[in-house]
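Remarks on the structure that follows.
From a predicted model like this one, the values you see are computed outputs, not experimental measurements.
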Amino acid sequence: METAGSVVGTRSTWTSPSARGRGRARPPSLVRCRAVAMEHQQPPSVRTVAIPFADLKERGKDLSGKIEEGLGPNGLGIISISDVPDFPALRRTLLRLAPRVANLPEDVKEQLEDPDSRYNFGWSHGKEKLESGKLDTFKGSYYANPILDVPTTDDVLVSRYPSYCRPNIWPDDHLPELEIAFKALGKLMLEVGLMLAHHCDLYVMQHGVEPYDGESLEQTISRSRCHKGRLLYYFPRQLSTQKEGGSVSSWCGWHTDHGSLTGLTCGLFMRNSVEIPCPDSAAGLYIRTRDNQVVKVTFGEDELAYQIGETTEILSRGRLCATPHCVQAPSSENASNVERSTFAMFMQPDWNETLKFPSEIPYHQELIPPNGALTFGEYSEKLVNKYYQGKT
């Protein structure tokens, strides 16, 4: 459900902090929305820009300053929402189920796999490739559409876009509470994401991206049938078949989400089924900034975080920027036997939504000709091919 980053140029007149600091602004035709940088030892820790839920739900409130600071061309591409009703309990309920899924009998987990969807529904473990090209055995995932159990009954579409159109799989006989908890958290994250999308639209239109063609972020997300939730479980280190090393991408490799908006929960750490604080202050989410720096990003466990995906960067003509990110595993002496659970809600365009790739945004030019157009289904299919076994 995710893909790697690149460099994007836009019409925007925004410049990076580093460019301004040198007294030499980049030409107005270029904004570096994705940077490739060397990883640094002990990167600084940065708190996300936070918006109270009470402010977010007011559709007429001006949140443009917060949106620009967190998601604009000089932001980190991530923002958090505080005080969301019911979120803390829903988060804990679902995340505590992740190890129970991972520890189901192997024959049961095999029944929960869906190879025809390229493991984008149900249980998935050891199918996705890491940066090194090796299969990822560090974590297991459970994928489902929290909104629609059966996105479509059109057999042609199911065959054409199996990663989005196939039906959900639930362990009804072995862990029936998973479906209830998964859908409850996923639906809440979509509702809050739509509120954030509305304010993102206001910000983009205030900054001269016209015409917006009626293709606002809020409209694009609200009419989609292919949102996807991903419950992630990171195995205790000694249970992995691979060494992790000290890289900041040791638990999840560098990538940029290719959907519209990704909702994230703070990770829940456990040892022997007992919840514990994170055992290593260096562990967690890392982001590459606009000026080639790597920073650790933090937000409260009771906050919902949202990241911008590539299709939103395209839609906003670079006013909202996606950012490469990764996850570092705990590596301290206290990290032995520690497991981590988290949940991501990928809010994405419908598989039939047409994406226009303007020539001034040289996005994935190896896949898409200048001024070309692809449906989101076609676009994501090309990108996901890089990360899974099977088609190339």
Where is the tightest heavy-atom contact between [X] and [Y], given as atom of each residue plus distance?
X	Y	answer
Asp350	Phe376	O-CB, 3.4 Å
Ser260	Thr312	O-OG1, 2.7 Å
Ala144	Trp170	CB-CH2, 3.4 Å
Gly259	Thr311	O-OG1, 2.7 Å
Ala322	Gly309	CB-C, 3.7 Å
Ser80	Phe299	CB-CB, 4.1 Å

Would the distance check show the side chain of [X] and the main-chain N or O of [Y] forming a donor-acceptor pair, the cut-off being under 3.5 Å?
X	Y	result
His174	Val101	no
Arg290	Cys321	yes
Glu303	Gly300	yes
Lys296	Gln328	no
Ser117	Ser163	no
Asp201	Leu217	yes

Could I get the full list of salt bridge (Lys or Arg N to Asp or Glu O under 4.0 Å) partners for [X], not counting sequence neighbours?
X	result
Asp154	none
Glu378	none
Asp83	none

Q. Do Leu261 and Leu56 belong together in a cluster built from hydrophobic side chains that touch within less than 4.5 Å?
A.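 Yes, one cluster joins them.
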Q. Are Leu112 and Phe121 connected, step by step, through hydrophobic side chains (Ile, Leu, Val, Met, Phe, Trp, Tyr) whose heavy atoms are closer than 4.5 Å?
A.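 No, because Leu112 and Phe121 fall into different hydrophobic clusters, even though each may have its own neighbours under 4.5 Å.
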Q. Please walk me through it: do Ser216 and Gln219 pass side-chain hydrogen bond (donor to acceptor under 3.5 Å, both in side chains)?
A. CA-CA 5 Å; Ser216 74; Gln219 291 171 330; 3.2 Å; yes
Q.
Just to verify, which of Val192, Leu264, Leu196 counts as forming a side chain to side chain contact (heavy atoms under 4.5 Å, CB included) with Leu304?
A.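 Passing option: Val192.
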Q: State which residue, out of Thr48, Thr256, Leu285, Leu76, fulfils the side chain to side chain contact (heavy atoms under 4.5 Å, CB included) condition with Gln307.
A: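 With Gln307 as partner, side chain to side chain contact (heavy atoms under 4.5 Å, CB included) holds for just one option, Leu285.
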Q: May I have the step-by-step check of salt bridge (Lys or Arg N to Asp or Glu O under 4.0 Å) for Glu353 and Arg225, ending in yes or no?
A: CA-CA 10 Å; Glu353 192 89 44; Arg225 295 166 289 176; over 6 Å; no
Q) Between Ile51 and Ile79, is a side chain to side chain contact (heavy atoms under 4.5 Å, CB included) present by the stated rule, with each step listed? A) CA-CA 8 Å; Ile51 298 175; Ile79 210 162; 3.7 Å; yes
Q: State which residues pass ring pair (Phe, Tyr, Trp, His ring centres under 6.0 Å) with Phe343; sequence neighbours excluded, sorted by chain then number.
A: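 Phe343: ring pair (Phe, Tyr, Trp, His ring centres under 6.0 Å) contacts with Phe182.
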Q.
Set out, in order, the CA-CA distance, both residues' side-chain angles and the distance that settles ring pair (Phe, Tyr, Trp, His ring centres under 6.0 Å) for Tyr119 and His125, then state yes or no.
A. CA-CA 9 Å; Tyr119 301 94; His125 179 224; over 10 Å; no
Q) Would Tyr203 and Glu68 satisfy side chain to side chain contact (heavy atoms under 4.5 Å, CB included), going step by step from the backbone distance to the final call? A) CA-CA 8 Å; Tyr203 164 75; Glu68 179 173 332; 3.5 Å; yes
How many angstroms lie between [atom1] in [X] and [atom2] in [Y], if you round to the nearest 0.5 Å?
X	Y	atom1	atom2	result
Arg118	Asp116	CZ	CG	11.5 Å
Arg230	Thr342	CZ	OG1	10.5 Å
Asn145	Asn120	CG	CG	12.0 Å
Ser224	Met347	OG	CE	11.0 Å
Phe87	Thr265	CZ	OG1	5.5 Å
Leu188	Lys183	CG	NZ	16.0 Å

**Q.** Selection residues 85-97 - residue pairs positive for side chain to side chain donor-acceptor pair (under 3.5 Å), sequence neighbours left out
**A.**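 Only Arg92-Glu275 qualify under side chain to side chain donor-acceptor pair (under 3.5 Å).
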Check side chain to side chain contact (heavy atoms under 4.5 Å, CB included) between [X] and all other residues, then give those that pass, not counting sequence neighbours.
X	value
Pro105	Asp107, Val108
Asp62	Ser64, Gln206
Val158	Thr152, Cys165, Arg166

Q: For the pair Leu231 and Leu178, evaluate side chain to side chain contact (heavy atoms under 4.5 Å, CB included) and give the outcome as yes or no after the intermediate values.
A: CA-CA 10 Å; Leu231 179 62; Leu178 177 65; 3.9 Å; yes
Q. Between Glu191 and Lys57, is the closest basic N to carboxylate O distance under 4.0 Å?
A.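 No, this pair does not count.
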Q. Quick one: do Asp55 and Lys66 make a salt bridge, cutoff under 4.0 Å?
A.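 Salt bridge flag = no for Lys66 with Asp55.
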Can you tell if the side chain of [X] reaches within under 4.5 Å of the side chain of [Y], non-hydrogen atoms only?
X	Y	value
Pro85	Phe53	yes
Glu179	Asp172	yes
Leu355	Leu374	no

Q: For Phe346 and His227, run side chain to side chain contact (heavy atoms under 4.5 Å, CB included): C-alpha distance rounded to whole Å, both residues' side-chain angles, the deciding distance at 0.1 Å, then the answer.
A: CA-CA 6 Å; Phe346 298 99; His227 302 307; over 6 Å; no
side-chain hydrogen bond (donor to acceptor under 3.5 Å, both in side chains) against [X], all qualifying residues, sequence neighbours excluded:
X	answer
Glu177	Arg100
Tyr142	none
Thr262	Asp257
Glu106	Lys109

Q: Go through the steps for Glu339 and Tyr233 under the test side-chain hydrogen bond (donor to acceptor under 3.5 Å, both in side chains), then give the verdict.
A: CA-CA 7 Å; Glu339 53 192 349; Tyr233 174 73; 2.2 Å; yes
